[in-house]
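Convention: sequence-line order gives letters A, B, ...; per-chain numbering from 1. Because the structure is predicted, anything quoted here is derived from the model rather than measured.
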Protein chains: 2
Amino acid sequence: MQTLDVRASLENLERVEARAPTQEAVDKFARKRIELAKAALETLATLGYANTSLREIAQHSQYSHGVLHYYFSDKLDLITCCVSYYKSICVTRYDDVVVEASSADALLDAFCDRLVETLEREAPLHRLWYDLRAQSLFEDAFHEDISIIDRKLEDMVWRVCNTYCGLAGGHPTLSRASLYAVFDGLFQRALSGYIHGDTGASGQLVKEVRDLLPKLVSAA
Amino acid sequence: MQTLDVRASLENLERVEARAPTQEAVDKFARKRIELAKAALETLATLGYANTSLREIAQHSQYSHGVLHYYFSDKLDLITCCVSYYKSICVTRYDDVVVEASSADALLDAFCDRLVETLEREAPLHRLWYDLRAQSLFEDAFHEDISIIDRKLEDMVWRVCNTYCGLAGGHPTLSRASLYAVFDGLFQRALSGYIHGDTGASGQLVKEVRDLLPKLVSAA
DNA sequence: GAAAAATTTGGACAGTTGTCAAGAATTTGC
DNA sequence: GCAAATTCTTGACAACTGTCCAAATTTTTC
């Protein structure tokens with residue numbers, strides 16, 4: 001069992017004299033955790049939290065079910081790791097859209113393109129997000145990680161809106177919370193439509209956003 | 001087993017000659033279904049969809065677990081019945097607020113009061129709604145019922161906003177979908193805060209709504 | 001290349017799940 | 001008040017759950 005050793009070295013890293021090999025072992029262990037979390041995320045996104053068991057997760061990875069308890073102390077530990085990994089994927093989705101924007105219209109175009117792209121290509125992952133966010137209303141253990149991501153998503157929306165308004169020569173009329181709420185809500189509706197076979201869902205989302213965003217900038 | 005008989009009479013109601021007693025039996029059967037769905041809703045709201053079993057539901061009712069399969073064909077049938085019952089509770093929450101409003105300010109006051117009241121008094125029920133809406137992204141069987149409620153909630157928000165704007169001498173600047181999205185999103189955030197012990201969640205929600213709604217009415 | 005450590009496997013466990021059925025208890029119809 | 005239909009209880013079932021562990025396998029270390 002390396003688990004405890006690695007954990008210990010994670011906490012007492014400074015006091016360990018043979019740094020190099022231990023550090024490497026820690027990294028290796030952490031890398032495997034991420035690899036497994038990645039596989040777990042795929043299964044979770046396919047089946048949903050309520051219908052996903054550890055055995056199912058293991059079956060969709062290249063390992064047996066026992067290995068999960070070698071790298072994770074329990075199911076909660078695994079899910080938490082999944083959420084952390086998810087964070088690293090999702091919160092920077094629109095960053096390049098923002099920095100590369102040269103005009104308000106160009107930003108709006110790029111933003112809509114990216115919205116549709118992530119909606120259609122990562123639909124299962126998005127629905128898992130909404131699933132886990134709902135779970136956090138019942139399981140306190142999820143709350144902290146989920147709410148951190150929620151704030152980061154709010155920041156992301158804020159950057160887009162604020163940059164757009166700046167390029168349009170004004171500033172946002174709505175609060176950060178309201179801006180996040182409205183875009184998240186529209187996206188969630190489009191996701192539901194897309195998942196259930198409404199082929200016009202993406203187009204409708206773009207139409208809504210194109211109609212909405214210009215209204216949210218104050219007169220200069 | 002009355003189940004099949006009642007089902008049949010539900011479908012072939014017109015062709016049954018002895019109307020009175022059969023109809024009564026049907027009603028009785030339906031009433032018991034609702035009674036059980038009510039109890040189930042409470043358990044679901046407490047534990048969440050993922051953590052609620054039929055035995056748990058039965059334990060919090062006054063019946064044994066076998067009775068659930070007498071009144072419901074399977075778990076899905078029960079949940080669906082719960083969702084239908086939930087609909088009858090939720091979609092008229094703000095109706096009297098709308099019809100009794102005499103001025104825009106009065107409507108805004110009453111709306112905020114009602115928001116806080118339902119947030120704090122029915123928090124578990126609200127989190128169940130978000131939970132089940134997320135489930136509908138994985139289980140096709142849920143989708144239809146959930147999306148019907150979603151539309152009714154959108155209508156509800158629209159009535160409030162439209163009435164407010166009318167009293168203020170204008171009309172809403174945002175689409176129905178955007179209006180629902182933003183209020184639902186703000187409410188969801190407040191719900192999360194309230195559930196996790198943030199005592200300022202209600203106040204923050206009211207502050208957001210009071211700031212938001214006036215901005216959503218066009219110049220006459 | 002042998003000893004030691006790390007990693008993986010597969011089975012076992014106790015508990016839970018949805019579902020079903022036989023019989024007891026209750027209500028209904030006459 | 002009795003027979004029939006109903007409602008309800010109880011126990012059983014097979015499958016599945018998270019967790020743990022001993023042994024097999026692989027990798028690392030010297």
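Within the 4.0 Å cut-off from OP1 or OP2 of D:dT19, at least one side-chain nitrogen or oxygen of A:His69 is found. For C:dT7, the OP1/OP2 oxygens have no side-chain nitrogen or oxygen of A:Tyr63 closer than 4.0 Å. Proximity of A:Lys75 to the phosphate of D:dT17: no side-chain N or O atom is located under 4.0 Å from OP1 or OP2. Of the side-chain N and O atoms in A:Tyr70, one or more sit less than 4.0 angstrom from OP1 or OP2 of C:dT7.
For A:His65, counting side-chain heavy atoms from C-beta on, the closest listed nucleotide (C:dT17, C:dC20, D:dT19) is D:dT19. Listed nucleotides: C:dT8, D:dT7, D:dA12. Nearest to the side chain of A:Tyr71: C:dT8. Listed candidates were D:dT10, C:dT19, C:dT9. Nearest to the side chain of B:Ser64 is D:dT10. Comparing D:dT17, C:dT27, D:dA12 by their nearest atom to the side chain of B:Lys28 picks out C:dT27.
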Could you list, one pair per line, each protein nitrogen or oxygen that sits under 3.5 Å from a nitrogen or oxygen of nucleotides 22-26 of chain C, together with the distance?
none

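A donor-acceptor pair is defined here as one N or O able to donate and one able to accept, closer than 3.5 Å; no such pair exists between the side chain of B:Asp198 and the backbone of B:Tyr194. In this structure, B:Arg127 contributes its side chain and B:Thr46 its backbone to a donor-acceptor pair below 3.5 Å. B:Asp131 contributes a side-chain N or O that, together with a main-chain N or O of B:Tyr49, makes up a donor-acceptor pair within less than 3.5 Å. In this structure a side-chain-to-backbone donor-acceptor pair under 3.5 Å is missing from A:Ser178 to A:Leu174.
Residue A:Glu139 contributes atom CD, which lies 12 Å from atom P of D:dG18 at whole-angstrom precision. Rounded to whole Å, atom P of C:dT19 lies 11 Å from atom CD1 of B:Ile57. In this structure, A:Gln62 places its CD atom 14 Å from P of C:dG10, rounding to the nearest Å. Rounded to whole Å, atom P of C:dG15 lies 19 Å from atom CG of A:Asp74. Rounded to a whole Å, the CZ atom of B:Phe72 is 12 Å from the P atom of D:dC8. Atom P of nucleotide C:dG10 and atom CD of A:Gln59 are separated by 12 Å, given to the nearest angstrom. For the pair A:Leu78 CG and D:dT19 C1', the computed distance is 14 Å after rounding to whole Å. Distance CG (A:Leu54) to P (C:dT16): 17 Å, rounded to an integer number of Å.
Outside the 6.0 Å centre-distance limit, the rings of B:Trp158 and B:Tyr180 are not counted as a close aromatic pair. A:Tyr94 has its ring centre no less than 6.0 Å from the ring centre of A:Phe183.
Taking the nucleotide of DNA chain D with the nearest heavy atom to each of A:Glu56 and A:Gly66, the more 5' of the two is matched to A:Glu56. Nearest-nucleotide assignment on DNA chain C puts the 5′-proximal partner with A:Val67, out of A:Val67 and B:Asn51.
When all heavy atoms of B:Ala190 and B:Ala201 are compared, the pair lying nearest together is O-CB, 3.6 Å. Contact between B:Leu47 and B:Glu56 at its shortest, heavy atoms only, is CD1-CG, 3.5 Å.
Among the protein residues, A:Ser53 comes within range of the sugar-phosphate backbone only, with heavy atoms under 4.0 Å from sugar or phosphate atoms but none that close to a base.
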